[in-house]
**Student:** 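Handing you this structure, nothing more for now.
A, B, ... follow the sequence lines: proteins, then strands. Residue 1 opens every chain.
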Protein chains: 2
Amino acid sequence: MLESKESPLVSPLISEKSTIYAYILNDIANAVFHSGDRLISTKLAEKYQTSINPVREALKQLQGEGFVTVEPNSGARVALFEYNTLRDVFEILQLLEPYLMTWFVEEHTDEDRLEMGRLLNEMETATDKEYRSLDTQFHWLTVKNHYNQKAVDLWRRNRLILLAMQSNVRLNTSRIKQSIEEHKRIICGLENRDVKVVLDIMNEHIGNSGKYWTKYLLSNKMR
Amino acid sequence: MLESKESPLVSPLISEKSTIYAYILNDIANAVFHSGDRLISTKLAEKYQTSINPVREALKQLQGEGFVTVEPNSGARVALFEYNTLRDVFEILQLLEPYLMTWFVEEHTDEDRLEMGRLLNEMETATDKEYRSLDTQFHWLTVKNHYNQKAVDLWRRNRLILLAMQSNVRLNTSRIKQSIEEHKRIICGLENRDVKVVLDIMNEHIGNSGKYWTKYLLSNKMR
DNA sequence: TTTTTAAAGATTACACATTATTTTAATGCA
DNA sequence: TGCATTAAAATAATGTGTAATCTTTAAAAA
C-alpha cells in the first residue's frame, strides 16, 4: 500500500520531500506509474493515506508542470511519453545546456570539479541503475547554481521526463563506456575554463544520448 | 465583484476559457493582481462565485506553471516579477525564439505572411494597449504551429510574464516606431525564406525589447 | 517601546452530495 | 453463436460545507 513512501526519492531533482506531490512525481519518474496511466484520486488518496482534495491539488500542480494531463470530467493521467516527446525534450535540453553550462565553465569552483571527479569514479563500477543516478547528479551539479533559476527548473523538469522514459530500460555497456569518456572530457575542459571546448563536448554528449534513445525507442516500435 | 469575468481574456495566449484558472491567469497577465499580491482563496471563491477547492486547484496549477508561489500554511501569492525575473525571461525567450523561428521561416505559408502584414498595418495606428496585443498576436503566429509544442508552451508562459510586467506601463512612441520597423524587416526576411537574416533581426528585436524594459525597470528602481 | 495575549482571518483536510463517465450486463439482430 | 446496440450499475470527478490548525492582526499589559 505505502510502498512508494519508503522507496527513495529521485534525488536531487525532486526538491520537495514528504509531500503527496513529491511521491507522485517520484512514482512517475521511476515509472511506477507509466505513460498514459490513469491517476485516480480516490486510489491515490488511499495509497498515500490522505483524502481526495490534497491528491487533486498535487495532480493539478503536476499538470501545470507537464507531468500529468487532465481531461475535464474524466480525470488525470500520466502524460504521454512517446517518440515525439523524446525529440521535444532533447531539443529543449540542447537549447538549455549550452546556456547553463557557459556560466558554469566560468564560475564553477575547484570543489565542484573534485565532486565531479568523485562521481566519475563511482560510475566506473556502477550498475546501470546506479549509473543513471550518478549521471543525473553529475549534470545537476553543473546547472543547479545558475543565476537563472527559471531555466534551471526547466532543465530539471525535462530531465525528469527523460528519467521517466528511461527507467525501465537497461543501458548497454558500450554506451556507458562512451558516456563516461565524454564526462571525462567535460571535466578536462572545465579545468582549462575553455567555454568553446566544453560546449562542443556537451553538444556531442547530448546528441549521442539523444541518438541512443531515439534508436532504442524506434527499434521498440514505440511510435 | 465579477468584473474580471467580463473583461476580455488575453487572447490568444490563454487557450482555456471560462475556467477559474483562466480568469486568475488573465487577471495576473493584465496586472489586475500585481506581483506579490496575496491570492486569498476565500476571496477568490467569492469573486468567481465558486467554492474554495476549485480555486485552490487553479492556484496549484498556476503554481506549477510558475505564475503563483505558494508558502505552506501561508497561502498563495502572485509570483514576484522583479528585475531578475525580466532578465531570466528575456534570456529564455532568446533561446527559444531562434529555435522556433527557424522552423517558421521554412514552413510558414503565404497566408501567414499576409496575416502578419495585416497586423502590421493595424499597428501603425494603434494605441499602446492595442499595440501590445497586436505585437503578441504577431509573434504568436510565428510560434504556435511549431512541432515542439512543449517549447511553444514555454514561450507562451514566458511571454505572459512579460505581459504581466508590462501591462501597467505605457510604451513610448519612438520605441513603437522602432519596433514596427523591426517587424517589417522580419516579414521581408520571411518572404525570401532566409533563415539567417530573420534570426539576426529577431535577435536584435528581442535584444532591443529587453534593453528597453531593463532600462525602464532600472530607472523606476524596481530592483 | 516592547512583549504578551487575545481575537479574527485563512489555510488545510475531510466527508458528503451531485453529476458525469466508465464499465458491465442485457437485449436484439444477423 | 457472434456482434453491435442499448440499458443499468458501478465507479470516479466535481463542487460544497465544515471543523481543526495555523497565521496574521490588533489590543492590552509590562
**Student:** Nearest whole angstrom, please: distance from the C1' of D/dA13 to the NZ of A/Lys60.
**Tutor:** 11 Å
**Student:** For a quick check of understanding: with a heavy-atom distance under 4.0 Å over all strands, which category does B/Ser51 fall into, base, sugar-phosphate or nothing?
**Tutor:** base
**Student:** Please report the distance, rounded to the nearest Å, between CD in B/Glu71 and P in C/dT12.
**Tutor:** 10 Å
**Student:** Report the distance from atom OH of A/Tyr21 to atom CD of A/Glu57, rounding to the nearest 0.5 Å.
**Tutor:** 14.0 Å
**Student:** Which whole-number value in Å describes the distance from A/Leu44 CG to D/dT11 P?
**Tutor:** 17 Å
**Student:** DNA chain C: A/Pro72 or B/Arg38, which has the more 5' nearest nucleotide?
**Tutor:** B/Arg38
**Student:** With the side chain counted from C-beta on, respond yes when B/Met202 and B/Ile186 share a heavy-atom pair under 4.5 Å apart, and no when they do not.
**Tutor:** yes
**Student:** Could you state the interatomic distance from CG (B/Leu80) to NE2 (B/His34), rounded to the nearest 0.5 Å?
**Tutor:** 13.5 Å
**Student:** Quick one: is D/dC22 close enough that its OP1 or OP2 comes under 4.0 Å of any side-chain N or O from B/Ser74?
**Tutor:** no
**Student:** What is the distance from CD1 of B/Ile52 to P of D/dT16, rounded to the nearest Å?
**Tutor:** 10 Å
**Student:** I want to check one thing: is the phosphate of C/dT11, taken as OP1 and OP2, less than 4.0 Å away from some side-chain N or O of B/Ser41?
**Tutor:** yes
**Student:** Measure the distance from CD on B/Glu57 to P on D/dG15 and round it to the nearest whole Å.
**Tutor:** 7 Å
**Student:** In whole angstrom, what separates A/Ile20's CD1 from C/dA13's P?
**Tutor:** 7 Å
**Student:** Starting from P on D/dA12, measure out to CD1 on A/Ile40 and report it in whole angstrom.
**Tutor:** 5 Å
**Student:** To the nearest angstrom, how far is A/Asn73 atom CG from D/dA13 atom C1'?
**Tutor:** 7 Å
**Student:** I want to check one thing: is the phosphate of D/dT14, taken as OP1 and OP2, less than 4.0 Å away from some side-chain N or O of A/Arg56?
**Tutor:** yes
**Student:** Over all heavy atoms of both residues, which pair between B/Ala31 and B/Ala164 is shortest? Give the atoms and the distance, please.
**Tutor:** CB-O, 4.0 Å
